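Quick caveat, the model's predicted, so the values are computed rather than measured. The chains referred to below are lettered A, B, ... by the order of the sequence lines, with proteins before strands, and numbering in each begins at 1.
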There are 2 protein chains.
Amino acid sequence: MIQKRQFEDETAGKLIAAGMQLFGEFGFKGTTTRMIASEAHSNIGSIAYYFGNKRNLYLAIIRHIADRMREQFDLDMMKKGQLPEGLTQEEARLALRRIVKDMIRTFIADDEASCWLLLVMREQAHPTEAFDILYEEVFDMVYKFLGSLIAILIDIDERDTRVTLEAHTLVGQIVFFLVGRIPLLRRLENKNGYDAELIDLVEKTILSHIDFYVNNSFQSDTKVE
Amino acid sequence: MIQKRQFEDETAGKLIAAGMQLFGEFGFKGTTTRMIASEAHSNIGSIAYYFGNKRNLYLAIIRHIADRMREQFDLDMMKKGQLPEGLTQEEARLALRRIVKDMIRTFIADDEASCWLLLVMREQAHPTEAFDILYEEVFDMVYKFLGSLIAILIDIDERDTRVTLEAHTLVGQIVFFLVGRIPLLRRLENKNGYDAELIDLVEKTILSHIDFYVNNSFQSDTKVE
DNA sequence: TGCGAGTTTAATCAAATGATTATATGTTCG
DNA sequence: CGAACATATAATCATTTGATTAAACTCGCA
């Protein structure tokens with residue numbers, strides 16, 4: 001009665017992996033159950049067998065992504081230092097640099113993570129119930145975590161709207177190197193996608209925007225006026 | 001033989017407007033010809049009559065968007081000062097601030113432009129032939145224009161990869177306030193979308209990242225190492 | 001008024017799609 | 001082995017979709 005779990009997980013897992021890639025690339029409606037079954041070297045009936053229907057498979061994939069992201073961020077962010085409090089500016093700056101490096105590597109260089117992010121982007125553009133899962137499990141935490149570090153850097157209460165906006169800006173910088181990679185790579189005449197050298201330059205570019213927080217700790221909105 | 005042009009344009013225009021909104025919201029496959037016809041208060045047969053088929057309507061919409069964007073950017077960027085050359089840092093900084101303000105207002109506050117951008121984002125994620133139109137008509141020019149200003153600000157040759165990366169970063173910051181608006185607004189508990197006060201704060205946030213270029217003119221990549 | 005080109009509409013068709021079902025295959029245990 | 005159960009597969013069904021078609025409508029003009 002408990003046997004075959006391994007094989008069951010095998011097929012279900014292949015369906016999730018295939019669906020993640022295809023949903024990310026073509027969207028929910030653009031991906032057919034036949035495409036998923038074919039990509040997974042499985043059968044269309046197995047989708048119903050394991051997940052009931054197409055939408056339930058989609059939701060299972062979203063939950064899977066949320067788990068993986070939490071795992072990634074829990075390990076790489078929370079665990080290594082817990083929620084930052086009472087850090088010095090320099091400690092916060094270094095922590096933020098580390099996280100941003102991880103995010104860049106994860107989202108730009110890692111093929112599977114690219115699928116996640118593309119899928120998550122689509123879900124944001126037209127949120128369904130799957131969005132609630134992602135928001136509560138992931139987004140809110142990212143805002144909270146990045147915000148707590150940025151708050152230290154620019155010396156503003158972390159509940160201030162401006163802190164959230166800066167966190168959002170930072171995420172936007174990173175994400176757009178994946179979402180907008182096609183025109184960027186064409187502009188740079190880089191036929192073969194991101195190579196090590198380019199990723200390095202991207203990293204430096206985004207990190208410099210973090211260091212900027214320290215250099216002029218947010219006199220900007222008084223100065224700019 | 002020339003009469004009725006006005007009425008013809010009427011229907012074709014309504015189809016383009018409806019398609020722009022729906023394609024942006026649901027993607028190409030997620031939008032049915034019946035949805036478009038209904039939204040345009042027209043008939044499914046009119047799509048074939050004016051555009052031949054669904055994909056041709058999509059391409060017509062892409063060309064329409066490219067025209068509108070060029071128009072917008074030609075007027076607001078190129079025309080008012082032509083391609084920047086020999087500007088002082090301060091002039092370049094002010095020019096860049098003006099453009100970024102325009103882009104924020106256009107892409108975040110303007111409903112129709114939001115449709116454009118969402119549609120363009122989808123096209124980037126999975127480029128078809130429509131992408132070529134957008135790249136040649138719009139993207140390349142945006143990189144070129146923003147790059148030429150940023151090059152002056154950070155005092156690096158405008159053909160340097162880092163200049164393009166900074167331009168890309170800047171666009172990413174702006175675009176993500178549209179593409180990622182749902183989680184941002186939920187985080188801020190702003191039920192009613194972007195209000196004037198919030199847009200103002202977004203503007204200040206992004207502008208401060210421009211001013212940063214001047215304050216520390218790109219010693220970052222030597223300092224960071 | 002009635003002709004005729006331009007335009008709109010509803011009906012229809014073939015292909016694709018999500019879902020279902022019945023059958024086949026394989027594995028475990030008595 | 002063979003009964004019982006879990007899983008896989010192919011065939012089938014109802015619906016949706018893009019496209020096509022034929023008929024109807026509009027309006028300028030003779």
Inset, instruction - Please name all residues satisfying ring pair (Phe, Tyr, Trp, His ring centres under 6.0 Å) with A:Tyr194, sequence neighbours left out, ordered by chain then number. - result: none

Legend entry - Phosphate-side-chain proximity, A:Thr11 and D:dA8, N/O vs OP1/OP2 below 4.0 Å: yes

Inset, instruction - Nearest whole angstrom, please: distance from the C1' of D:dA24 to the OH of B:Tyr49. - result: 14 Å

Legend entry - For DNA chain C, the residues among residues 52-59 of chain A that have a non-hydrogen atom under 4.0 Å from it: A:Asn53, A:Lys54

Inset, instruction - Under the ring pair (Phe, Tyr, Trp, His ring centres under 6.0 Å) rule, collect the residues that match up with A:Tyr135, sequence neighbours excluded. - result: none

Inset, instruction - Report the nucleotide, chosen from C:dT12, C:dG6, C:dA19, that has the shortest atom-to-atom distance to any side-chain atom of B:Arg34. - result: C:dT12

Legend entry - Qualifying ring pair (Phe, Tyr, Trp, His ring centres under 6.0 Å) pairs, either residue in residues 96-122 of chain A, two or more places apart: none

Inset, instruction - May I ask you to evaluate whether A:Thr33 reaches the phosphate of C:dG18, defined as a side-chain N or O under 4.0 Å from OP1 or OP2? - result: yes

Show every donor-acceptor pair shorter than 3.5 Å between a side-chain atom in residues 169-186 of chain B and any protein atom, with sequence neighbours excluded, or say none if there are none.
residue, atom, partner, partner atom, Å
B:Thr169, OG1, B:Leu165, O, 2.8
B:Arg181, NH1, B:Leu178, O, 2.8
B:Arg186, NH1, A:Asp132, OD1, 3.0
B:Arg186, NH2, A:Asp132, OD1, 3.0

Inset, instruction - For B:Asp160, enumerate each residue passing the side-chain hydrogen bond (donor to acceptor under 3.5 Å, both in side chains) test, keeping only those at least two apart in sequence or located in another chain. - result: B:Arg162

Legend entry - Short side-chain to backbone donor-acceptor contact, B:Lys54 and B:Phe28, under 3.5 Å: yes

Legend entry - Whole-Å distance separating the CG atom of A:Leu15 from the P atom of C:dG18: 14 Å

Inset, instruction - Grab the CZ-P distance between A:Phe51 and D:dT7 for me, whole Å please. - result: 12 Å

Legend entry - Counterpart residues, salt bridge (charged side-chain N to carboxylate O under 4.0 Å, His left out), relative to B:Glu137 (two or more places apart): B:Arg70

Legend entry - For atom CD1 of B:Ile36 and atom C1' of D:dT16, their distance in whole Å: 15 Å

Legend entry - Which nucleotide in D:dT17, C:dT8, D:dA8 has an atom nearest any side-chain atom of A:Lys29: D:dT17

Legend entry - Non-neighbouring partners of B:Phe51 that pass ring pair (Phe, Tyr, Trp, His ring centres under 6.0 Å), sequence neighbours left out: none

Inset, instruction - Please list, by residue number, the residues of residues 39-48 of chain B whose heavy atoms come closer than 4.0 Å to an atom of DNA chain C; answer none if no residue qualifies. - result: B:Ser42, B:Asn43, B:Gly45, B:Ser46

Legend entry - Side-chain donor/acceptor of B:Thr106 to backbone N/O of B:Asp102, under 3.5 Å: yes

